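Working notes, structure below.
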Amino acid sequence: MKEEFKEALRGWLAAHWQEDRGQCLGLLAGIVLAIMILLIGFWRTAFIVLCGGAGLYIGRKADREPDFFGRIADEFLDRINRLR
């Protein structure tokens, strides 16, 4: 019975992976999130997801703007110099 379930799940994932990749990835993300909540708790999981979202945002900005990190470094150094 357990092997039949595994085969049915593999078949479903293989059939839907080509057409509905977003749904498969959403399912996987939901399962991982649920396991994290069960293992480490809601607030720690929320913090990890928040940090991941911030990293995703910064990474997307860096991909779209050619000199993103250089601009950030220049602004940071200008603000430090203003404090002196």
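Computed from a predicted structure; not experimentally measured.
- Transitive grouping of hydrophobic side chains (ILVMFWY, heavy atoms separated by less than 4.5 Å) brings Val32 and Leu9 into a common cluster.
- Other residues, nucleotides and ligands place more than 12 heavy atoms under 6.0 Å from the CD atom of Glu75.
- With a 4.5 Å cut-off on side-chain heavy atoms, Phe69 and Ile58 count as touching.
- Residue pairs meeting the salt bridge (Lys or Arg N to Asp or Glu O under 4.0 Å) criterion with at least one partner in residues 9-19, sequence neighbours excluded, are Glu7-Arg10.
- Few gaps surround CZ on Arg71; more than 12 heavy atoms of other groups in view lie less than 6.0 Å from it.
- In this structure, CZ in Phe76 is found 10.5 Å from CG in Asn81, a value given to the nearest 0.5 Å.
- Among all heavy-atom pairs drawn from Val49 and Leu33, the shortest one is CG2-CD1, 3.7 Å.
- Side-chain heavy atoms closer than 4.5 Å link hydrophobic residues (I, L, V, M, F, W, Y) into clusters, and following such links, possibly through other members, connects Ile40 to Ile35.
- In the hydrophobic cluster analysis, where Ile, Leu, Val, Met, Phe, Trp and Tyr join through side-chain heavy atoms closer than 4.5 angstrom, Ile72 is grouped apart from Leu77.
- With hydrophobic clusters built from ILVMFWY side chains whose heavy atoms lie under 4.5 angstrom apart, Ile48 shares a cluster with Ile31.
- Placement of Phe42 and Leu38 in two distinct hydrophobic clusters is found when ILVMFWY residues are connected by side-chain heavy-atom separations under 4.5 Å, directly or transitively.
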